[in-house]
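A quick note: this is a predicted structure, and the numbers were derived from the prediction, not measured. Residue numbering restarts at 1 for every chain, and letters A, B, ... go by the order of the sequence lines. Values below: all heavy atoms of this structure, side chains included; hydrogens, waters and symmetry mates excluded.
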Amino acid sequence: AQSVTQLGSHVSVSEGALVLLRCNYSSSVPPYLFWYVQYPNQGLQLLLKYTSAATLVKGINGFEAEFKKSETSFHLTKPSAHMSDAAEYFCAVSVGGGADGLTFGKGTHLIIQP
Amino acid sequence: DGGITQSPKYLFRKEGQNVTLSCEQNLNHDAMYWYRQDPGQGLRLIYYSQIVNDFQKGDIAEGYSVSREKKESFPLTVTSAQKNPTAFYLCASSPSLGTQYFGPGTRLLVL
């Protein structure tokens with residue numbers, strides 16, 4: 001069975017600073033990895049996904065993530081935070097393409113300080 | 001517009017009552033999913049369906065039931081056996097072996 005750990009339920013950064021949200025996974029087979037963003041009382045929007053191609057994945061809104069097999073990590077970064085980035089971020093893992101559903105981390109609430 | 005719709009946005013349940021949450025998609029996706037979201041818990045899989053007339057239990061299926069009579073529709077019933085139904089419910093769909101796309105969610109509250 002697979003699992004996801006997101007370190008830090010809340011992360012606070014200043015506007016213009018680097019955003020780093022941490023995600024570690026466990027999986028017995030090569031995983032598919034995803035980052036989703038959720039704004040209050042809304043559904044989830046896909047930011048980016050890793051499906052065994054390039055290890056550095058670029059997503060929407062200036063976000064990117066790097067798959068590191070040796071560290072079983074898939075951390076999300078953005079060079080310069082914007083006020084509109086304030087939201088809940090979820091890392092998720094699947095095996096076999098995700099047909100059996102995704103396993104989510106508990107989420108990280110990103111706070112942007114002006 | 002293509003997408004996933006969920007209704008209602010808010011739903012109130014009385015004790016002992018069954019309620020049904022609607023999920024419809026016009027993306028022609030084969031697979032559909034139901035997740036439950038609780039504060040600080042992330043999302044947990046309730047049921048999923050990869051083809052019409054077939055579905056499987058997820059991690060927390062007890063107290064819930066589903067049907068998949070049409071490709072476009074995957075309603076979720078929260079039965080009276082679910083003792084703690086207050087949560088945000090999210091429906092998703094995906095093409096075979098593809099990315100999951102989420103609807104806007106339904107918030108279920110108990111009166």
Side-chain angles (χ1 to χ4, degrees), chain A residues 1-11 21-26 29-53 57 59-60 65 87-110, chain B residues 3-11 21 23-25 27 29-51 54-61 66 74 87-109:
Chain A
Q2 61 268 23
S3 66
V4 175
T5 301
Q6 291 184 240
L7 187 62
S9 60
H10 292 77
V11 170
L21 303 182
R22 299 179 187 274
C23 173
N24 289 89
Y25 70 92
S26 70
V29 298
Y32 287 42
L33 293 159
F34 305 81
W35 275 100
Y36 285 88
V37 60
Q38 184 181 37
Y39 298 98
N41 293 312
Q42 295 187 24
L44 275 65
Q45 180 183 7
L46 180 70
L47 280 176
L48 49 82
K49 64 179 179 180
Y50 167 78
T51 57
S52 76
V57 181
I60 62 171
E88 190 85 15
Y89 291 80
F90 292 96
C91 182
V93 64
S94 73
V95 297
D100 296 345
L102 299 173
T103 299
F104 284 86
K106 294 187 176 182
T108 297
H109 185 64
L110 178 62
Chain B
I4 303 170
T5 57
Q6 292 187 242
S7 61
K9 187 175 177 67
Y10 294 95
L11 185 58
L21 286 62
C23 178
E24 305 275 335
Q25 55 99 358
L27 301 168
H29 287 170
D30 291 314
M32 297 187 73
Y33 308 81
W34 275 105
Y35 294 89
R36 169 178 171 143
Q37 184 178 17
D38 296 281
Q41 293 295 316
L43 280 72
R44 292 179 290 169
L45 183 64
I46 305 173
Y47 268 99
Y48 63 100
S49 167
Q50 297 177 6
I51 56 173
D54 188 42
F55 49 82
Q56 287 77 38
K57 293 181 179 180
D59 300 319
I60 56 165
V66 293
F74 191 40
F88 192 48
Y89 291 86
L90 288 157
C91 177
S93 71
S94 73
S96 297
L97 304 183
T99 300
Q100 291 187 21
Y101 297 91
F102 285 80
T106 292
R107 189 166 297 281
L108 177 60
L109 300 166

Checking B/Gln6 against chain A: side chain, backbone, both or neither under 4.5 Å from a heavy atom? neither

Please confirm whether B/Phe74 and B/Phe55 have ring centers closer than 6.0 angstrom. no

Chain A contact via B/Leu43 - side chain, backbone, both or neither, heavy atoms under 4.5 Å: both

Are the side chains of B/Leu11 and B/Tyr89 in contact, using a 4.5 Å heavy-atom criterion? no

Measuring heavy-atom distances to chain A, does B/Gln50 have an atom under 4.5 Å in its side chain, in its backbone, in both, or in neither? side chain

Closest non-hydrogen atoms of A/Phe104 and A/Val4, given as atom of the first, atom of the second and distance, are C-CB, 4.1 Å

Atom group of B/Arg107 that falls short of 4.5 Å from chain A, counting heavy atoms: side chain

For chain A, which of B/Lys9, B/Gln37, B/Arg44 has the most heavy-atom pairs under 4.5 Å? B/Gln37

Stepwise side-chain hydrogen bond (donor to acceptor under 3.5 Å, both in side chains) test for B/Tyr48 and B/Gln100: CA-CA 12 Å; B/Tyr48 63 100; B/Gln100 291 187 21; over 6 Å; no

Could you look at A/Glu88 and say if it's the side chain, the backbone, both or neither that has a heavy atom under 4.5 Å from chain B? neither

Heavy-atom distances under 4.5 Å only: say whether A/Leu46 touches chain B with side chain, backbone, both or neither. side chain

The single option from A/Thr5, A/Leu7, A/Val11 that satisfies side-chain contact (heavy atoms from CB on, under 4.5 Å) with A/Arg22 is A/Leu7

Between B/Leu90 and A/Gly43, what is the shortest heavy-atom contact and its length? CD2-CA, 3.7 Å

Given B/Pro39, B/Ala31, B/Gly40, B/Ala92, the one with more heavy-atom pairs under 4.5 angstrom with chain A than any other is B/Gly40

